[in-house]
There are 2 protein chains.
Amino acid sequence: MPAPTPAPSAVPARRRAGRPTAAILDQDGITTAALELISSKGYEGLTMAALARSLGVAPSALYNHVASKDDVLILLMDHLAAMVDVSAFGTEPWDEAVRRWAWSYRDVFSEHTPLIPIIAVLPVANAPKTLAMYESVTAGFRDAGFPEDRIISAIVALEAFVFGAAYDVTAPEDIFDAGSLAEQVPNFTAAVERLALERHKRPTDVAFRLGLEALITGFGALRG
Amino acid sequence: MPAPTPAPSAVPARRRAGRPTAAILDQDGITTAALELISSKGYEGLTMAALARSLGVAPSALYNHVASKDDVLILLMDHLAAMVDVSAFGTEPWDEAVRRWAWSYRDVFSEHTPLIPIIAVLPVANAPKTLAMYESVTAGFRDAGFPEDRIISAIVALEAFVFGAAYDVTAPEDIFDAGSLAEQVPNFTAAVERLALERHKRPTDVAFRLGLEALITGFGALRG
DNA sequence: GTTATAAATGAACGCCATTCATTTACTGGT
DNA sequence: ACCAGTAAATGAATGGCGTTCATTTATAAC
């Protein structure tokens, strides 16, 4: 018969309430766990209960470290901002640096579109890594001879394009299939059919490139 | 004392279950009520319960006419697409028509940013009025000598910019105030301070204009 | 007339974010 | 060495949400 001493279980013994020897949770751990949860279950799977469960903790415990679920989303988006590639500012010519930054920015957030409504509107003071990204980009623009009073406007415009394009990446392939209404919109249907299928390039990438190059060209002309 | 016959009450007598003389609800009525609700209480106030209440109906009654709340949002966004000004295509030069379309598009959706994640990803077959908008724009591009195989890409890029800019409109004024971290981001802080305060123009409008003009110029060069 | 159906009701469900009283172990002051 | 205060956990409870479903009934169709 089995020994009376309980075997170490996959389910850990239920922790008693009260202050533990060392804190189990912190914002970094919560952020990491949230990212893992998102990559396995998507944003629908990101609930406070699931997050707590993945950390081996009761849901209410999270609220000792974040004020709300929105707070978790802010932590996430600031973490992602640090993953955006700004390294080309300072090492590459301005236009190439913008190109790399924008593609990278779009790619990072296209996997995290539910954060876009938050980052687009969040005061930078609440997001230090995002702020650091802006600092690098701003310095790159200034060093490239950009007039200082237009730098922020240019960045805002580029960002708007990037966010919109990030959504576009997630659109289904047949988004432009008009179905039974096709006959009623002949010009549109024709244009969709002619959409050049460049090899190895998604339509969303072609559109992003087209817009980005126009913005880079247009803004490049502002440099002194 | 009051007569036994009940006076006509502000609260209507509770309707019995069963088929009414004429249908109370339809998709148009739901859409209109939803718009009113949003304009008075905002998108947080748009719940199925509140929507039903504003129509004098039980929440479950809505589900005879829409499959889900997302369905309501789709109705809303298609309704809004019809409000976007495409009238300049065909009457004005191409660049001016794009300008009017884009500004109008941005203005309409800046009041309805919660719909952006939906419209950005919804197949056009589910949104006839949106499709009609695309038809007008596509025809305008074609008539302006735009190469047919780039029309969709150009529209997608413009739309991405418009959606991102719509979010930007809703950002708080102090979004770029770095607060206590200002010293750590000197270039950024300086650029924010120099942000030219053009009279009568919001910074968000300045940025939109900057980006839009760059896109129009860049895309205009593609015309044959 | 009978039958079928569309369109309403209201009760119930499950999920979710959040709050709160409570417990407990560590920390700093005397 | 004690004591008080506090940080960090528990788990039960709450209220709101979208949605489902059995039921009812007026109208339309045969």
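Letters go in sequence order (proteins before strands), and every chain restarts at 1.
Of all the residues in residues 29-38 of chain B, not one reaches under 4.0 Å from DNA chain D with any non-hydrogen atom.
For the ring-ring contact (aromatic ring centres under 6.0 Å, His included) criterion with A:F208, the lone passing option out of A:Y105, A:F163, A:W103 is A:W103.
The NZ atom of B:K69 sits 8.0 Å away from atom CE of B:M48, with the distance rounded to the nearest 0.5 Å. Atom CZ of B:R194 sits about 12.0 Å away from atom CD1 of A:I152, to the nearest 0.5 Å.
One interatomic measurement links the two molecules: CG of A:D26 to P of D:dA8, which rounds to 10 Å at whole-angstrom precision. Distance, B:L62 CG to D:dT20 P: 13 Å, rounded to whole Å. Across the protein-nucleic acid pair, A:R53 atom CZ and C:dC15 atom P stand 13 Å apart, rounded to whole Å.
For the residue pair A:Y167/B:E159, the side-chain donor-acceptor check at 3.5 Å is not satisfied.
Put simply, A:H65 has a side-chain N or O that comes within less than 4.0 Å of OP1 or OP2 on D:dA9.
By the 4.0 Å N-to-carboxylate-O rule, B:D85 lies too far from B:R99 to be salt-bridged with it. Of the charged side-chain nitrogens involved, none lies within less than 4.0 Å of a carboxylate oxygen, so that B:R202 and B:D168 do not count as a salt-bridged pair.
A distance below 6.0 Å separates the ring centres of A:F188 and B:Y134.
The base of D:dA7 does not come close enough to the side chain of A:N64 for any donor and acceptor atom to sit less than 3.5 Å apart.
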(message) Counting primed atoms plus P, OP1 and OP2 as sugar-phosphate and everything else as base, spell out the protein contacts along nucleotides 16-27 of chain C at 4.0 Å heavy-atom distance: B, S or - for each nucleotide, 5' to 3'.
(response) SSBBB--BBBB-

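Under a cut-off of 6.0 angstrom, the local environment of CZ in A:R209 is sparse, with at most 12 non-hydrogen atoms contributed by other residues, nucleotides or ligands.
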